Amino acid sequence: MQSQYHPRDIEPAVQKEWADSGAFHAPDGSDKPKYYCVSMLPYPSGKLHMGHVRNYTINDALYHYLRMKGMNVLFPMGWDAFGLPAENAAMANKVAPAKWTRDNIAYMKQQCQAMGWAIDWTREVATCDPSYYRWNQWFFLRLWEKGLVYKKSGMVNWDPVDMTVLANEQVIDGRGWRTGALVEKREIPMWYMRITDYADELLGSLDGLGWPEQVKQMQRNWIGRSEGVEFVLPYAPQTARRMNDAKAGLKVFTTRADTIMGITFAAVAAEHPLASEAANGNPRLAEFIEECKRGGVQEAELATMEKKGMPTGLFVLHPITREPVEVWVGNYVLMGYGEGAVMAVPGHDERDFAFATKYGLPIKQVIGWEGTHGSGKPYSTDAWQPWYAEHGINVHSGASFPALDGLGFGAAIAAVVAKLGELGIEAKTRVTYRLRDWGISRQRYWGTPIPIIQCPECGDVGVPDEQLPVVLPEGLVPDGTGSPLAKTPSFYECKCPKCGGAAKRDTDTMDTFVDSSWYFMRYACPDAGAMVDERAQYWMPLDMYIGGIEHAILHLLYARFWTKAMRDLGLVDVDEPFTNLLTQGMVLNHIFSRRTGKGGIEYFAPDEVEVTHDAEGKVAGARLRGDGSAVDYDGIGTMSKSKRNGVDPQDMIDRYGADTARFYVMQANPPTDTMIWSDASVEGSFRFLRGLWKTVHDHVAAGVIAPYGSPSSLGQGRGEGQLSPQLKALRLKLHRTIEKVGDDYGRRLQFNTAIAAVRELLNLRDDLKDASPLARAVSQEALEGAILLLAPIVPHICTALWAELRPGTKLIDQPWPQVDKSALVQDEIELVVQVNGKLRGHVRVSSSATGEVIEATALADESVQKYLNGQKPRKVIVVPGRLVNIVV
RNA sequence: GCCGGGAUGGCGGAAUUGGUAGACGCACGGGACUCAAAAUCCCGCGGUGGCAACACCAUGUGGGUUCGAUUCCCACUCCCGGCACCA
């Protein structure tokens, strides 16, 4: 055996052995139970980053652990290969996105192999391959046939200089990232998927999932089911004339119909037809509506901007009092939500209150809380208080509806609905969702072409199945203006499949969330001649899905919807794709930047700067190592190429080997926690592995021996009593550690504590100076155990060390170690003694001692006597196996 | 702004169901070995007071519940993620 640890020799050799034997190929059927363990597929951005290393090492550790536990485990890998960064790279380097993407995939695949992850590469999928995306197209057409796909207009960010649609990411401070032009909202026709048809099921079936509660809560809130009332505010006569419809009115939806008597105005979105009509002949209003259309479409931007409004001069009637109510245009009313119009009750809605205060509109209290929520909830129109929005008892309803006074929330709503009915105003209780239908059209090149042909005669016609896939031409290089496909006649010119006349293909591509909504099913059958086949039925659903917390809502929700839609088309027989979910925390790093002269921004890598700290030890600023010039500290954020704060795992592999990189990310903190990068302790991880190598080397140098407890061991047939207390303690530690590490890997999914436990075990073994055959047999047992427990984290070194400890056997064939229950038995245990909840001493008692005996022992303890000072204790609390608390 | 999460020594973290706060590491300090350095090994390492035994304080801030709170409740501060076209 080599006396030194040389990962550069070991790792490639072990990897070759795995590859040659097809060790990680999972058959599509087995006597063993299946375990399907998938990580979110990477975007091939160029190189692996630390987030990937973390993600796939977690997946790999679970793979090895469950394989050792006797399961047929599958760990597949693929590439989320369509998307915006490829187009950006293409513009920057004048390379076609296809080439850039495929080169990146090749490089990153080799990096995955160097990390030694147990990936079944026979199932690799890249979403940019026509053999994959043809099924996006095929499925799109099936959903269209079922009415689950439809076309309507949608709002996008528009760059008026480049004449192109911008992604939210490309809008910086309200301006286009390349042109600096002020971004505008623009309505264009887009294809939508009816995810809202599945809203109730998406909500209901969350309950049974083995997901983190916080993620389920985020999804529940995102879907945002609410029950409310939809009704019409009748137009005042003059408004009815202007809107050219005497009978109609302004349709609104509210979850607070109980506050209807508090309506003092109504508000509509800038895009609402009533706003457009009111703007005719009102230049100031027209200007305001134009102003509302400026800016982008991001919700965070809309929700934080100053609430502004302007009266339209048009009135609707309060449905009960028949008093005129003025309609305002408000920039906070969104056309996409509900009806694009709201009844405003400033007395009991915080946004309406702020708006009314700003524009001097009346505020009316119609809900009170005395007697229901206790006192101390006064009402004043001077300032908003949080309880104004709480449910309560109706008050001040007025002469037209006195019966409403005194009713509570539910009864009041019922009364309002009944009253509106009596007055001949249609009012329906309705369930609405915050969730909106999924717009999938993108005016971009590097994505799945939408399989629709626009015929001047026949309208939108689906591409016939036999003409699929609609292949994306791969040689194009985008230039940032408009959509490349829309400028490529050879792509869009075609014949109508229905009438044979000249027609035009849809030049939009699909949202890349489509690609990632079902790839995990394609892994099961990457060569299938259909979207999926029966092999998907064997592997689905995923037993564990691992990925970043940043995907908690959108990706996971779309994939759940897609799976349910596939089920309803009879393609797969599962209700939910991901039985269990592990959301890993992000890997973050410090960000340093400097504004350049032209208003741009320049980023610096953390290793290029020297950080300065303030008095509290927080980072205050930094200087460039090169010339000492000051740079700004921008705080901590996601590792990204653009911010230059990423860490390339390749350096670590080159210097220390893959096992050190794997060990480092797993020992640092729990997988669900955010990890702020620090390379300070990477060295320590390497030292541990080097020490482990030396420990096994020294043991093997003295000769391997059958481990204690095995049939041929010295310990066989001898009683436990013959072990010295030290050897007994070591065996106790070993078997406790086996229990703990199994629990950490299998149930807790917490690897840092498992590693700490194995370190403790090895530290205890190192203290052993006894070189007798019996001691060496216990030592052998402990070392074998430690190697098996670490194997899921650092499989290369463990494979090499196992071959030394057990010549002729292979680590990959070993099962998870068994806990020897007899090693766990203890005669005596130590208990903590507290006086008034403070630690004052320890007592040793028999492990079978009763509460009375424990109490007596504790009271007799010297340190307790000191605090008792002759008094009788008021109370004694005995927690079996843990502590005694004496209250004086 | 809204939704979800987090905060524990100089640093990463541990404490799994309300029961010994700081496991296990990193960094640092002292010592051994060495001509010297590296590597390795040994010791120390939350704060204050004390020669020490020990005492008191301490888990972002302020309150509360409890024999006992890092853990539960209320209010707040700061940070992170998401907000529908980054993936």
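To find a chain, count down the sequence lines: A is the first, B the second, and so on, and within it residues start at 1. Since this is a predicted model, take the numbers as computed values, not measurements.
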So, OP1 or OP2 of [N]: does either fall under 4.0 Å of a side-chain N or O from [X]?
X: A:N221; N: B:rG4; answer: yes
X: A:R687; N: B:rC41; answer: no
X: A:T638; N: B:rG81; answer: yes
X: A:N763; N: B:rG25; answer: yes
X: A:Q750; N: B:rA14; answer: yes
X: A:N752; N: B:rC24; answer: no
X: A:N885; N: B:rG68; answer: no
X: A:K216; N: B:rC3; answer: no

Please state the P separation for the pair B:rG68 and B:rC56 - nearest whole angstrom.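 Pairwise P distance, B:rG68 against B:rC56, rounds to 16 Å.
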Distance-only donor-acceptor test (3.5 Å): side chain A:Q667, base B:rG13: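 Absent.
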Ignoring hydrogens and angles, are the base of B:rU16 and the side chain of A:R747 linked by a donor-acceptor pair under 3.5 Å?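 Side chain to base: pair found, below 3.5 Å.
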Centre-to-centre under 6.0 Å for [X] and [Y], is that the case here?
X: A:Y198; Y: A:W562; answer: no
X: A:F355; Y: A:W384; answer: no
X: A:F82; Y: A:Y133; answer: yes

Syn-anti status, with the boundary at 90° from 0, for the nucleotide B:rG82: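 Anti, which is what one calls it when the glycosidic angle falls more than 90° from 0.
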At 4.0 Å (heavy atoms only), tell me whether [X] reaches a base, stays on the sugar-phosphate, or touches nothing.
X: A:R442; answer: base
X: A:P42; answer: nothing
X: A:K740; answer: base
X: A:H555; answer: nothing
X: A:D673; answer: nothing
X: A:K838; answer: sugar-phosphate
X: A:R434; answer: base

Less than 4.0 angstrom from a charged side-chain N to a carboxylate O is my criterion; do A:E760 and A:K740 meet it?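 Salt bridge flag = no for A:K740 with A:E760.
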Per-nucleotide pairing state of RNA chain B [Watson-Crick or G-U, under 3.5 Å; [ ] pseudoknot-crossing; | other strand]: (((((((..(((......[....))).(((((.......))))).((((....))))..(((((..]....))))))))))))....
Please list all pairs passing the salt bridge (Lys or Arg N to Asp or Glu O under 4.0 Å) test where one or both residues lie in residues 42-52 of chain A, with sequence neighbours left out.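 Listed by first then second residue: A:K47-A:D648.
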Taking the inter-plane angle between the rings of A:F751 and A:Y745 on a 0 to 90° scale, is it parallel (under 30°), tilted (30 to 60°) or perpendicular (over 60°)?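 Correct class here is tilted.
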Return the orientation label for the A:H555 and A:H551 ring planes: parallel under 30°, perpendicular over 60°, tilted otherwise.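 Geometry flag for A:H551 against A:H555: perpendicular rings.
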Look at the side chain of A:W222 and decide which nucleotide, out of B:rA84, B:rA21, B:rU16, has an atom nearest to it.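 Nearest to the side-chain atoms of A:W222, counting from C-beta on, is B:rA84.
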